[in-house]
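Labels below follow one simple rule: chain letters A, B, ... track the order of the sequence lines, proteins then strands, and each chain is numbered from 1.
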Amino acid sequence: MSDEDGVGDADGADGIDAATSADASDDHHDFWAEAVADEIEQRVVKQRETTDEASGEERPVSRDPDDPIVIKGGVSPSGVAHLGNVNEIMRGYFVAEVLRERGHEVRQVFTSDDRDPLRKLPRKLADADGNIVGLGEVDAGALGRNLGKPYTDIPDPFGEADSYAAHFAALLAADAERLGVDIEMYSNTELYEDGSFDPVVERVLADVDTAREVLSEYQAKADADYVPFNPICEDCGKLTETVTDIDLDAETVDYVCTDMEVGDETIEGCGHEGTATFREGKLPWRFEWPAQWQVLDVDFEPFGKDHAEGSWPSGVDIADTVLDIEPPEPMVYEWFTLNGETLSSSAGNIVTVPELLDLLEPEVIRYFFALNPTRARDLDLERLDQLVDDFDRFERAYYEGVDDDSLTAFAEAAYPHVVDEVADERPIRLPYTFAAVLGMVDDPTLREKLAHDEGHIPDDADEATVAAALARVEQARTWAERMDNAYNYRLQADLPETAFDDATTDALDSLAAVVADGADGETIQAAIYDTARDHDIEPGDLFEAGYRLFFDETQGPRLGEFLGDLEREFVVDRLRRER
RNA sequence: GGGCUGGUAGCUCAGUUAGGGAGAGCGUCUGGCUUUUAACCAGACGGUCGGGGGUUCAACUCCCUCCCAGCCCGCCA
């Protein structure tokens with residue numbers, strides 16, 4: 001691109017090629033959200049035109065110029081808000097941000113699909129702070145009695161929120177807030193109860209034959225008796241699926257509360273025969289999703305690969321054929337794996353936003369979700385340092401550029417949306433593993449000194465800058481502890497129990513004398529070798545003795561330089577096994 | 001069984017939309033920092049771009065086929 005040598009000289013022959021490629025290179029983007037935003041802009045423009053593109057005929061606009069662009073996400077409140085759910089928030093967020101940057105008004109809405117029935121007991125739940133707890137820590141029996149009922153009709157197992165659904169929705173809203181994403185939460189149940197869905201339910205049931213026909217293309221279930229509406233039994237409170245009559249004028253259905261097959265289990269119906277209004281039940285998901293598009297005027301919705309083959313194609317068809325609305329722009333995101341395995345709350349292979357925020361900054365999480373959504377990727381907590389390093393490099397690419405053009409271009413486009421606010425200068429980022437080394441000591445002053453001596457903190461850094469830089473130390477420390485990895489060492493405040501032979505104790509005493517003389521870190525490092533040799537022991541053994549004394553371990557960080565930074569008297573005393 | 005998506009260096013990933021030089025970081029190795037002990041610096045090694053076939057002057061990129069992983073094709077979301 002801006003390669004100046006060679007290319008210019010050869011231009012006589014390449015002039016045509018150059019012009020051609022320049023013409024074709026316009027819709028390239030360095031950040032996927034920009035390409036998606038292009039699609040949405042085209043959709044919006046089309047909807048504002050008064051001339052139908054295909055027929056050339058005049059038509060009423062389907063979109064008011066003042067209408068904001070609506071981006072949606074949504075999940076079923078099934079027990080734990082885990083990092084996989086965050087896809088639904090963050091993928092849309094980046095598209096929203098790009099559109100806002102281009103001057104559009106954008107609403108990011110989020111549905112809690114909370115009229116869905118509880119189908120089986122979750123093995124894990126998350127408490128109000130996002131901590132994962134087992135089913136045994138709550139009243140599982142109470143939950144079991146509520147199988148088949150909408151989440152909004154089930155009490156919060158923690159006894160705090162209004163319902164199971166409310167508890168979960170609060171978790172997700174809190175996660176969004178932690179990540180700095182402003183979403184408008186919608187309760188599906190409320191959309192039914194306040195009548196928002198009435199027109200859609202009426203339309204679907206008024207043309208139930210068409211609805212059935214469309215769905216049958218995608219699902220075997222849509223047989224001759226199938227009615228795409230599930231009333232809530234007024235007697236037992238469970239969702240049921242046997243509708244016997246539809247009264248469009250009264251906006252009610254008659255039903256029999258029959259058994260519902262859920263996987264290999266059966267949720268028993270109570271046999272009650274009753275009548276429910278359109279507000280006392282729900283559309284099956286494949287209809288409910290398009291219903292949400294209509295009611296919330298959705299322009300764009302990212303969804304996981306599980307929807308790509310099943311409910312998306314049928315949803316498009318239903319939107320088109322039954323509801324006569326234009327489906328939103330889609331985007332399929334690949335699922336990521338956690339520690340090499342698929343996310344699974346039942347197997348316990350999940351991580352929540354609060355858990356992750358103990359280990360790294362929110363901008364690193366946002367960075368993770370700014371990466372190419374179509375690529376399957378792994379989040380490896382053992383190697384979290386890699387992710388953080390990648391983020392640091394990405395940040396550096398934004399401020400200074402790096403020798404990887406595609407990364408620099410990606411950073412220029414994406415970085416402003418990944419951080420809360422773009423600072424004037426690149427923030428100080430301690431390398432994550434170095435921060436883990438600093439985490440071996442508790443004294444904040446010493447941490448700062450170590451970071452400064454290593455050249456990570458400039459002399460003129462003010463207090464706030466230093467504090468911000470050192471914040472990562474706590475995170476890396478927590479990481480080292482949770483992973484119990486090679487950085488999980490801790491400077492021992494008290495003298496550990498030791499058993500050294502005479503040669504080693506003599507060597508330690510000699511080394512103590514060197515330190516007492518005022519040796520700096522490098523000198524101490526060299527002195528360890530010299531002293532070992534003088535006392536006829538292996539340097540490795542002396543190092544090990546040092547690690548035993550200071551960390552109560554056999555290994556640790558670079559010992560000489562580390563000791564050089566500690567308080568001299570303390571080091572001397574410890575080497576002499578006195579404290 | 002059919003379909004969708006993914007598979008690029010030991011690891012994490014760019015690059016594939018638009019065919020032309022296979023890349024980065026980390027790790028590893030070597031060297032430096034007055035002599036192995038995880039922080040710093042430099043360099044090197046490292047890939048049949050999942051396998052095979054085809055189109056093309058030219059293929060990681062397009063086409064076909066096979067392998068692996070996840071998902072969908074029952075229900076539910």
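Between A/W32 and A/F94, the ring planes are perpendicular. Angles over 60° get that label, and only those under 30° would be called parallel. Between A/F562 and A/F551, the angle of the ring planes lies from 30° to 60°, which puts this pair in the tilted group.
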I'd like a table of atom pairs between the protein and nucleotides 67-71 of chain B - only N or O on both sides, under 3.5 Å - with the distance next to each one.
| unit_1 | atom_1 | unit_2 | atom_2 | d |
| --- | --- | --- | --- | --- |
| B/G70 | N2 | A/K305 | NZ | 3.3 |
| B/G70 | N3 | A/K305 | NZ | 2.8 |
| B/C71 | O2' | A/K305 | O | 3.4 |

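Taking side-chain N and O atoms only, A/K282 has a distance below 4.0 Å to OP1 or OP2 of B/A77. Regarding contacts with the backbone of B/U12, every side-chain N or O of A/Y432 stays at 4.0 angstrom or more from both OP1 and OP2. An OP1 or OP2 oxygen of B/U36 is reached within less than 4.0 angstrom by no side-chain nitrogen or oxygen of A/R533.
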Evaluate salt bridge (charged side-chain N to carboxylate O under 4.0 Å, His left out) for A/E481 paired with A/R477, printing each intermediate quantity in order.
-> CA-CA 6 Å; A/E481 285 175 358; A/R477 165 91 215 130; 2.9 Å; yes
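We find that CG of A/L215 is positioned 13 Å from C1' of B/C76, with the value rounded to whole Å. A straight line from CG of A/D385 to P of B/C11 spans 15 Å, rounded to a whole angstrom. Nucleotide B/C11 holds its P atom 20 Å from the CZ atom of A/F336, rounded to whole Å. Put simply, CG on A/L407 is 14 Å from C1' on B/C26, counting in whole angstrom units. Separating the CG atom of A/L450 from the P atom of B/C40 is a distance of 13 Å, rounded to the nearest angstrom. Taking atom NZ of A/K120 as the reference point, atom C1' of B/A77 lies 11 Å away to the nearest angstrom. With rounding to whole Å, A/R91 atom CZ is found 14 Å from B/U5 atom C1'. In this structure, CD of A/Q386 is placed 12 Å from P of B/U28, rounded to the nearest angstrom.
Between B/C40 and B/A58, the distance separating the two P atoms is 47 Å to the nearest Å. B/A14 and B/G23 are spaced 8 Å apart, taking the C1' atom of each and rounding to whole Å. Distance noted for atom C1' between B/A9 and B/U34: 36 Å (whole Å). Between B/U65 and B/C4, the distance separating the two P atoms is 10 Å to the nearest Å. Between the C1' atoms of B/C45 and B/G10, the separation comes to 12 Å (whole Å). Taking atom C1' in both B/G47 and B/C60, the straight-line distance is 11 Å, to the nearest Å. Nucleotides B/G19 and B/A59, compared at atom P, are 13 Å apart to the nearest Å. Only the C1' atoms considered, B/A39 is 22 Å distant from B/A44, to the nearest whole Å.
Judged as a salt bridge (charged side-chain N to carboxylate O under 4.0 Å, His left out), and not counting sequence neighbours, the contacts of A/R533 are A/D530. Scored by the salt bridge (charged side-chain N to carboxylate O under 4.0 Å, His left out) test, A/E553 finds no partners at all (sequence neighbours excluded). Contacts of A/E363 classified as salt bridge (charged side-chain N to carboxylate O under 4.0 Å, His left out), with partners at least two apart in sequence or in another chain: A/R429. Contacts of A/Y255 classified as ring pair (Phe, Tyr, Trp, His ring centres under 6.0 Å), with partners at least two apart in sequence or in another chain: none. With sequence neighbours excluded, no residue forms a salt bridge (charged side-chain N to carboxylate O under 4.0 Å, His left out) with A/K238.
Base pairing of B/G70: its partner is B/C4, meeting the Watson-Crick or G-U wobble criterion (both donor-acceptor distances under 3.5 Å). For B/G43, the paired base is B/C29 (Watson-Crick or G-U wobble, both distances below 3.5 Å). Across the strands present, B/A9 finds no partner; the criterion is a Watson-Crick or G-U wobble pair with both atom distances under 3.5 angstrom. When Watson-Crick and G-U wobble pairs are counted only if both distances are under 3.5 Å, B/A22 pairs with no nucleotide at all.
With hydrogens and angles ignored, no donor-acceptor pair under 3.5 angstrom links the side chain of A/Y151 to the base of B/A77.
Of the candidate nucleotides B/A77, B/U12, B/G15, B/A77 has the atom nearest to the side chain of A/D116. Considering only the side chain of A/Q219, B/C76 comes nearest among B/C76, B/C40, B/C73.
A/F336 has its ring centre less than 6.0 Å from the ring centre of A/F368.
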Let me check something: any side-chain donor-acceptor pairs from residues 307-315 of chain A under 3.5 Å, sequence neighbours excluded? List them with distances.
| unit_1 | atom_1 | unit_2 | atom_2 | d |
| --- | --- | --- | --- | --- |
| A/H307 | ND1 | A/S311 | OG | 2.9 |
| A/S311 | OG | A/W285 | NE1 | 3.3 |
| A/S314 | OG | A/R286 | NH1 | 3.2 |
| A/S314 | OG | A/S311 | O | 3.2 |

Donor-acceptor pairs under 3.5 angstrom involving side-chain atoms of residues 536-546 of chain A: please list them, not counting sequence neighbours.
none

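If you find the closest nucleotide of RNA chain B to A/R383 and to A/L563, the one lying nearer the 5' end belongs to A/R383. Residue whose closest nucleotide on RNA chain B sits further toward the 5' end, between A/P557 and A/A308: A/A308.
Using a 4.0 Å heavy-atom distance criterion, A/F410 is classed as making no nucleic acid contact. When heavy atoms are screened at a 4.0 angstrom cut-off, A/E288 is found touching no nucleic acid atom at all. No engagement by A/G560 is indicated, since no non-hydrogen atom pair under 4.0 Å with the nucleic acid exists.
Listed in residue order, the members of residues 367-380 of chain A having a heavy atom less than 4.0 Å from RNA chain B are A/N372, A/T374, A/R375, A/A376, A/R377, A/D378.
Residue A/Q492 qualifies as enclosed at atom CD: its count of foreign heavy atoms under 6.0 Å is above 12.
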